[in-house]
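Remarks on the structure that follows.
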Amino acid sequence: MIQAQVLGLRKRFGDNEILKGVSLNVDKGEVVCIIGPSGSGKTTFLRCLNLLEEPDEGSYALGENVRCDFGHVGANQRRMIARQTAMVFQSYELFHHMTAVQNVMEGLITPRKMPRAKAKKIATDMLERVGMADKADMYPAQLSGGQQQRVGIARAMALSPDLLLFDEPTSALDPELVGDVLKVMRDVADSGQTMVVVTHEMQFAKEVADQVVFMAGGVVVESGKPADIFEHPQKDATCRFLSNFDLDASDSEATPSDGDSPDVPAPEVPSLDTPLLNTSSTDTDPSDADSPESQS
Ligand SMILES: Nc1ncnc2c1ncn2[C@@H]1O[C@H](COP(=O)(O)OP(=O)(O)O)[C@@H](O)[C@H]1O
Ligand SMILES: [Mg+2]
């Protein structure tokens, strides 16, 4: 069963066409990993899926109720898209004046009008799931980057989205903090959650993805099963991109070769219309530097 279907998505910033007709099918329960060099439009595409960016053209089907043409999305469809999607951001985007549990509760209380007690129960369960139950009352500044990102995942999961979007969730983390976050993401994937993950963690993509999509220059260059893309890529551009990474057959998490990602993340572009996005810049959060990550 198809959970999300995008056809011919085009997105321009001014005269610059960033996405040039991108199509994607995501089946229910599927994990799709999007890979590709910096500037290919991966983040923009992800943000189009929950309308943090407004696409110019294309059509979108999401779950059973959303059927719309981009460029003419009605208020009702817009609300449903917001309700059925959630995003985990590269730079966590937690509210710094709220504790971990308050951050997770916020998306349930303000936009969804859920009673506090019920929201707290869900938030507590979600923090438990990401191994952060004992840090529920800590503020983001008291948490390592990996811990903040696990709160970010709990916050997104709390919304029980039909489609969970991750934008390079580990790329702002010190290498030793990456594993815990990837482990949580594997658990989420194993639970049957439908996910679209933009990532440079090729080993994760190889092991967890059902479908890998290679994007470059605003188009999907090729897509397929991990074995097809990683072992038998058909396009030169895919081969060139993958040659930057050490991919081995072991089960361990691999990071890009030399620890040096070819993708310098583009700065997050704050959006004005998301209830979950703390628009204050958290890109250079000092709290993840050198803080010990202790898995509970
Ligand atoms: N809000 C924006 N305004 C203008 N250009 C943007 C904006 N957001 C992204 N871009 C441009 O779109 C291109 C693709 O960016 P992005 O989607 O972040 O790529 P990726 O995530 O693959 O690195 C880049 O050239 C970037 O500068
Ligand atoms: Mg990006």
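One-based numbering, in listed order, for ligands and for the atoms of each.
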For Thr44, atoms of ligand 1 separated by under 4.0 Å from a heavy atom
9 (C), 15 (O), 16 (P), 17 (O)
So if I count the atoms of ligand 1 from 1 in the order they appear, which ones are less than 4.0 Å from some heavy atom of Ile18?
11 (C), 12 (O), 13 (C), 14 (C)
Could you say whether the N/O atoms of Glu53 and ligand 1 ever approach to under 3.5 Å?
no
Is there an N/O/S atom in Thr43 that lies less than 2.8 Å from the Mg ion (ligand 2)?
yes
Atom 14 (C) of ligand 1: which of Gly218, Pro37, Gly39 has the nearest heavy atom?
Gly39
Flag the pair Arg12 and Glu54 as a salt bridge only when some basic side-chain nitrogen lies within less than 4.0 angstrom of an acidic carboxylate oxygen.
no
Is the shortest side-chain N to carboxylate O distance from Arg186 to Asp190 below 4.0 Å?
no
Should the pair Lys206 and Phe204 be classed as cation-pi, given the thresholds of under 6.0 Å to the six-membered ring centre and 45° from the axis?
no
Which donor-acceptor pairs under 3.5 Å do the side chains of residues 221-228 make with protein atoms, sequence neighbours left out?
residue, atom, partner, partner atom, Å
Glu222, OE1, Gln234, N, 3.1
Glu222, OE2, Gln234, N, 3.1
Glu222, OE2, Lys235, N, 2.9
Glu222, OE2, Thr238, OG1, 2.6

Show me the side-chain donor-acceptor pairs of residues 24-36 shorter than 3.5 Å, one per line, residues at least two apart or across chains.
residue, atom, partner, partner atom, Å
Asn25, OD1, Gln5, NE2, 2.9
Glu30, OE1, Asp27, N, 2.7
Glu30, OE2, Gln211, NE2, 3.2

